[in-house]
Amino acid sequence: MAGHTETADGLPLSGITVVSVEQAVAAPFATRQLADLGARVIKVERPGGGDFARRYDTTVHGESSYFVWLNRSKESVTLDLKSERGRGVLEALLARADVFVQNLAPGAAARLGLDAEALAERFPSLIPCSISGYGTSGPWADRKAYDLLVQCQTGLVSLTGSAEEAARVGVSIADIAAGVYAYSGILTALFTRATRGRVRAVEVSLFEALAEWMGQPAYYTAYGGTQPPRAGTRHATIAPYGTFTAADGKDVLLSVQNEREWAALCEHFLRSPGLVDDPRFATGADRVSHRGELDAILAERVAASDSGEVRGLLDAIGIANAPVNDVRQFLEHPVLTGRNRWRQVRIPGGEAVSALLPPVDLAGVTPGMGPVPALGEHTERILTELGYDADPDDAPQADDAV
């Protein structure tokens, strides 16, 4: 299939077609990154309701914040995959596609003949990518998984929060991790197909993606005998590293990573050079062991000055520091504005909203950041393109089909 818009021409993945039976966060995040680089992404949705992330909230001019974030530059086609017609259209799409992505409910892909083995027989050049909760094999293959469930299963929640209370990470970190690994796996598979002529299926699970990110606490626990404690805004294994409240009531986070920084902090900020060789704080491990005493010293010093003065002094001696921003302050961050990271993207209804450029800059490449599609917006055009009559879609399929 040809590239989907003129803006995709010349982008690194122009000429690549991706068909995705996707929902929620993980798969849409993977395919949106492909779309940003010029791939034609055809998003297959249920008639009537579509991707259920469309209805998570209505905060962006009536659209879901999740959906607007994850689905720009895609084409939406509605198909009832339980109907003969819907399956026929999907087969026609897959016959022309390079990549197929799905994060269907456990067992649904196999029931629909969309598992990697079945696809390899019918479409030998197609790269299938499966995103699941706990893997497509093994003892938990049939379990549903959502982000917070996976945060709990991997032990992440036990590390996050204060000493008194555990907490979830405030973004969909398991979904995002899986989406990132699916994206990199698809790029690797495309490269392998292009350079070696071999087609390899890609499989990613939310659990195993987040398990990789748990590597440091896993080693710490396995070989240290105890897991890192929950420490709020403090760092569990480095000190001093955390937030302290200044005289104006604002919090300042500071971080000391090495002995040079520790000496500079003692001499020029705390004005207590004798602390450098104090046996309580002589090494990084000593400082962690005596964190309470060290934090008390720092808290008293930071509380004596306004936050702006504290940060200025820390900047002057090379100590990393930051204010504790809320989301509104993040949106107005000088790095984002100074580096011109915001672009305008249209959403269903025609309104334009601000969107961040992808975080990876490729020299000479301007990402294609096209509109967010309305449900089924491109169905008629795609059916016509495939040689089908542009008839109304079949009845909506049940929610458990995807």
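This one's a predicted model, so the numbers in the text were calculated from it and none came from an experiment. Just the heavy atoms: all of them, side chains too, but no hydrogens, waters or symmetry mates, feed the values below.
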Point to revise | Pairing of R85 and E91 as salt bridge, 4.0 angstrom limit | key: no
Exercise for review: Compute whether any side-chain donor of one residue and acceptor of the other, for R341 and T337, lie under 3.5 angstrom apart.
Suggested key: no
Exercise for review: Before giving the answer on side-chain contact (heavy atoms from CB on, under 4.5 Å), spell out for D98 and V18 the whole-Å C-alpha distance, their side-chain angles and the decisive distance to 0.1 Å.
Suggested key: CA-CA 6 Å; D98 299 282; V18 179; over 6 Å; no
Exercise for review: Would you give the length of the straight line joining atom CG of L254 to atom CG of N321, rounded to the nearest 0.5 angstrom?
Suggested key: 7.5 Å
Exercise for review: Could you give me the CA-CA distance, side-chain angles and deciding distance for R339 and D361, then say whether side-chain contact (heavy atoms from CB on, under 4.5 Å) is met?
Suggested key: CA-CA 12 Å; R339 284 176 48 79; D361 290 333; 3.4 Å; yes
Point to revise | R234 to Y241 six-membered ring, cation-pi geometry met (6.0 Å, 45°) | key: no
Study note, to complete from the structure: Test side chain to side chain donor-acceptor pair (under 3.5 Å), reference E75, set K43, H378, R381, output is R381
Review point. Are the side chains of E351 and R346 in touch, meaning some heavy atoms are under 4.5 Å apart?
Key: no
Exercise for review: Could you give me the CA-CA distance, side-chain angles and deciding distance for D80 and R87, then say whether salt bridge (charged side-chain N to carboxylate O under 4.0 Å, His left out) is met?
Suggested key: CA-CA 7 Å; D80 178 3; R87 289 194 299 273; over 6 Å; no
Exercise for review: Check the pair T233, V324 against side-chain contact (heavy atoms from CB on, under 4.5 Å), reporting the backbone distance first and the verdict last.
Suggested key: CA-CA 10 Å; T233 59; V324 181; over 6 Å; no
Review point. Going from CH2 on W262 to OG1 on T283, what distance comes out if it is rounded to the nearest 0.5 angstrom?
Key: 10.5 Å
Revision key, fill the gap. In short, side chain to side chain donor-acceptor pair (under 3.5 Å) pairs touching residues 323-333 with sequence neighbours left out are none
Check your understanding: Below 6.0 angstrom between ring centroids: does that apply to F29 and W69?
Key -> yes
Review point. Which salt bridge (charged side-chain N to carboxylate O under 4.0 Å, His left out) pairs, counting each pair once, include a residue from residues 174-186, with sequence neighbours left out?
Key: none
**Study point:** Considering all heavy atoms, the nearest R200-A189 contact
**Key:** O-CB, 3.8 Å
Check your understanding: Under 3.5 Å, is there a donor-acceptor pair between the T136 and S130 side chains?
Key -> no
Review point. Is there a donor-acceptor pair under 3.5 Å between the side chain of R287 and the backbone N or O of F281?
Key: yes
Exercise for review: Keeping to residues at least two apart or across chains, list the side chain to side chain donor-acceptor pair (under 3.5 Å) pairs with something in residues 244-254.
Suggested key: T245-D251, D248-S307
Exercise for review: Please lay out, stage by stage, how V44 and Q23 fare under the test side-chain contact (heavy atoms from CB on, under 4.5 Å).
Suggested key: CA-CA 9 Å; V44 177; Q23 58 192 353; over 6 Å; no
